[in-house]
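What follows is a short report on a single structure.
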Amino acid sequence: MSRLLLALPALLAVAVGGFLLWGLDPARDPNAVPSARIAAPVPEFALPPVAGTGMPGLSAADLRDTGEPVLVNVFASWCVPCRAEHAVLTRLVREEGVKLMGLNYQDDPADAARWLDDLGNPYERIGSDIEGRVGIDWAISGVPETFVIDGDGVVTFRYVGPIIEPDAQAEVRAALAAAGARS
């Protein structure tokens, strides 16, 4: 029994080290983590607008029966990768006509409004999820995170992380095209 107790710290160190190596593996794809939302209707929610933006809030009803695919981006002003992704989202809206909705996650409304004033606002609607309760319903793992919703209001794709690399942009474009073909 005492040998087992002596070996316990070494076993714990090996287990923790294994988890750290798994987490640092550059080949690991965070999008490979399945989402409970894929192939499911958007969850029921109704979020108020982000104060100071002049934009309407966002609800499940805004994402149903649109007849066309919609991109829902989860973002926050405190999120550094969100800033990098913002220019790509703006370009998708401006140059490719993507319909973009925002879910502002656990953010101070004044900070979010100032962030959108500085960078520009590509969103049609933005819901303020200050408490993060709706984010739980969407099963998000962090920000930024982006979902493709088909014209019937079904979640067809999720991308975890900033959509800045060409491969990521191609994945989102392909998901939007596939969702458009379903609508």
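Keep in mind that this is a model prediction, so the values were computed, not measured.
Using a 4.5 Å heavy-atom cutoff, the side chains of Thr156 and Ile38 are not in contact. Looking only at side-chain heavy atoms (C-beta outward), Pro49 and Pro56 stay at 4.5 Å or farther from each other. A heavy-atom distance below 4.5 Å is not found between the side chains of Ile126 and Met101. Considering only heavy atoms from C-beta on, Asp150 stays 4.5 Å or farther from Pro69 through its side chain. When side chains are defined from C-beta on, Val155 counts as touching Val42, because their heavy atoms get closer than 4.5 Å. Residues Lys99 and Val93 are not in side-chain contact: their nearest non-hydrogen atoms beyond the backbone lie 4.5 Å or more apart. The shortest side-chain heavy-atom distance between Phe75 and Leu103 does not fall under the 4.5 Å cut-off. Counting heavy atoms from C-beta on, the side chains of Glu165 and Gln169 never come closer than 4.5 Å.
The two residues Ala84 and Ile164 come nearest to each other via the heavy atoms O-CG2, 3.5 Å. The minimum heavy-atom distance between Ala51 and Ala113, with the atom names listed, is O-CB, 3.8 Å. Gly102 and Leu58 make their closest contact through O-CD2, 3.4 Å (heavy atoms, listed as atom of the first residue, atom of the second, distance). Closest approach of Pro81 to Pro144, counting heavy atoms only: CB-CD, 3.8 Å.
Judged by distance alone, the side chain of Asp118 and the main-chain N or O of Trp115 form no donor-acceptor pair under 3.5 Å. Between the Arg37 side chain and the Pro41 main chain, a donor and an acceptor come within less than 3.5 Å of each other. Using modelled atom types, no side-chain atom of Arg64 and backbone atom of Asp152 make a donor-acceptor pair closer than 3.5 Å. Proximity of a side-chain donor or acceptor of Asp167 to a complementary backbone N or O of Glu171 within less than 3.5 Å is not detected. A donor-acceptor pair is defined here as one N or O able to donate and one able to accept, closer than 3.5 Å; no such pair exists between the side chain of Glu44 and the backbone of Ala60. Judged by distance alone, the side chain of Thr66 and the main-chain N or O of Leu63 form no donor-acceptor pair under 3.5 Å.
Both Val88 and Val148 are assigned to one and the same hydrophobic cluster, defined by single-linkage of ILVMFWY side chains at heavy-atom distances under 4.5 Å. No path of Ile, Leu, Val, Met, Phe, Trp and Tyr side chains, each step under 4.5 Å between heavy atoms, connects Val154 with Phe45, placing them in separate hydrophobic clusters. The hydrophobic cluster containing Ile130 does not contain Val134, counting ILVMFWY residues as joined when their side-chain heavy atoms lie under 4.5 angstrom apart, directly or transitively.
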Q: Take Val70 and Phe147, measure what side-chain contact (heavy atoms from CB on, under 4.5 Å) needs, and give me the verdict at the end.
A: CA-CA 8 Å; Val70 175; Phe147 296 88; over 6 Å; no

Q: Test Leu47 against Ser128 for side-chain contact (heavy atoms from CB on, under 4.5 Å), laying out the working first.
A: CA-CA 6 Å; Leu47 290 172; Ser128 178; 5.7 Å; no

Q: Take Leu176 and Phe157 through the test side-chain contact (heavy atoms from CB on, under 4.5 Å) and record every step on the way to the result.
A: CA-CA 9 Å; Leu176 284 167; Phe157 178 79; over 6 Å; no

Q) Does the side-chain contact (heavy atoms from CB on, under 4.5 Å) test come out yes or no for Met55 and Asn121, once each step is laid out? A) CA-CA 9 Å; Met55 302 294 299; Asn121 185 355; 3.2 Å; yes

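How far CG of Leu100 is from CZ of Arg125: 13.0 Å, rounded to the nearest 0.5 Å. We find the CD-OG1 distance between Glu95 and Thr90 to be 10.0 Å, quoted to the nearest 0.5 Å. Between the OH atom in Tyr105 and the CD atom in Glu145 there is a gap of 9.5 Å [rounded to 0.5 Å]. Note that CG of Asp62 and CD1 of Ile149 are 12.0 Å apart. Values are rounded to the nearest 0.5 Å.
Salt bridge status for Asp117 with Arg114: absent, with no side-chain N to carboxylate O gap under 4.0 Å. Contact check on Arg91 versus Glu96 returns no salt bridge, with no Lys/Arg side-chain nitrogen under 4.0 Å from an Asp/Glu carboxylate oxygen.
The environment of Arg133 atom CZ is sparse: at most 12 non-hydrogen atoms of other residues, nucleotides or ligands sit within 6.0 angstrom.
Within the structure, side-chain hydrogen bond (donor to acceptor under 3.5 Å, both in side chains) pairs that include any residue of residues 70-87 comprise Asn73-Glu85, Asn73-Tyr123, Asn73-Thr146, Ser77-Asp107 (at least two apart or interchain).
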